[in-house]
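Only one structure is covered here, and it is reproduced in the block below.
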Amino acid sequence: MSQIEIAQIIEQIKQEITIDSNGHGKASIRATARLADVQDSSLRRALLSAALEPSALAKNLMQQGFTPAALEAWNEGIPDMGVAAVIEYYAFDAGRYCKQQARLVCKAFNRIGVRAWMQDIMGWTKPTTQPQQPPAPALPPVEQRLHTWLLNQYSYERLSITHSNNSNTC
């Protein structure tokens, strides 16, 4: 699996991701499962197991501070931090169920995360795009410019001749 294939998966699941007004993201279980390279039914079962007999994934997520009730509510969409935790689990902590694709996704997201962290601590915000300046007015066609130049030259020569004639009459 290459970064190009990861980009294709991300493009395919784009419509299953939402961002709220605070900038917090949510992804469907299906989208999260696609990123981690697991079956969405397996992921759904693992999340729903949190209250009774937690799966290894559910235990891992609860150790990170997610409550069983929160995990069950993820059926409506997994928050961005939960998506990161699920991908990380399948990348490094799932034992024999670890997935190479999850590792690649984790690496790609880590790079983005480091940039976002640096931007955040420095107070950087994306600059607003400047409105396009209107284009410079087009020059008249060459023939018109040449004609104008010739008229100016002709007027200048007439003025010069008239002026020289007037100065000779004195």
Near Glu53 CD, under 6.0 Å, is it more than 12 heavy atoms from other residues, nucleotides or ligands?
no
Could you pull out all donor-acceptor pairs under 3.5 Å where a side-chain atom in residues 88-98 meets a protein atom, sequence neighbours excluded?
none

Arg45: which residues meet the side-chain contact (heavy atoms from CB on, under 4.5 Å) condition with it, sequence neighbours left out?
Ser41, Ser42
Which residue pairs pass the side chain to side chain donor-acceptor pair (under 3.5 Å) test with at least one member in residues 61-73, sequence neighbours excluded?
Asn60-Gln64
How many angstroms lie between OG in Ser28 and CD in Gln15, if you round to the nearest 0.5 Å?
8.5 Å
Shortest non-hydrogen contact from Lys99 to Asp37?
CE-O, 3.3 Å
Is Val83 reachable from Ile112 through a run of hydrophobic residues whose side-chain heavy atoms are each under 4.5 Å from the next?
yes
Would you compute the distance between atom CZ of Arg103 and atom NZ of Lys107 and round it to the nearest 0.5 angstrom?
8.5 Å
Judged by atom type as modelled, is there a donor-acceptor pair below 3.5 Å linking the side chain of Ser55 to the main-chain atoms of Ser49?
no
Residues Leu61, Trp74; criterion side-chain contact (heavy atoms from CB on, under 4.5 Å); working and verdict:
CA-CA 12 Å; Leu61 293 169; Trp74 286 4; 3.8 Å; yes
Output yes when a side-chain donor or acceptor of Trp124 lies under 3.5 Å from a complementary backbone atom of Asp120, and no otherwise.
no
Between Ile17 and Val86, is there shared hydrophobic-cluster membership here, with clusters defined by ILVMFWY side-chain heavy atoms closer than 4.5 Å?
yes
Heavy atoms only: give me the nearest Asp80-Gly23 pair and the separation to one decimal.
OD2-O, 4.4 Å
Working to the nearest 0.5 Å, report the span between CD of Glu76 and CD1 of Ile29.
8.5 Å
Kindly say whether His24 contributes a backbone atom to a donor-acceptor pair with the side chain of Asn22 at under 3.5 angstrom?
no
With hydrophobic residues grouped by side-chain heavy-atom distances under 4.5 Å, do Leu52 and Leu48 end up in a single group?
no
My understanding is that only one of Ile10, Ile13, Leu43 makes a side chain to side chain contact (heavy atoms under 4.5 Å, CB included) with Arg34; could you say which?
Ile13
With side chain to side chain contact (heavy atoms under 4.5 Å, CB included) as the test, pick out the partner of Thr32 among Val38, Ile78, Leu47.
Ile78
Grab the two heavy atoms, one from Ala31 and one from Ala27, that are nearest each other, plus how far apart they are.
CB-CB, 4.2 Å
Closest heavy-atom contact between Ala46 and Ala58?
O-CB, 3.5 Å
For Ala102 versus Ile87, what's the shortest heavy-atom pair and its separation?
O-CG2, 3.5 Å
Determine the minimum heavy-atom distance between Gly77 and Lys26, stating which atoms define it.
O-CE, 4.0 Å
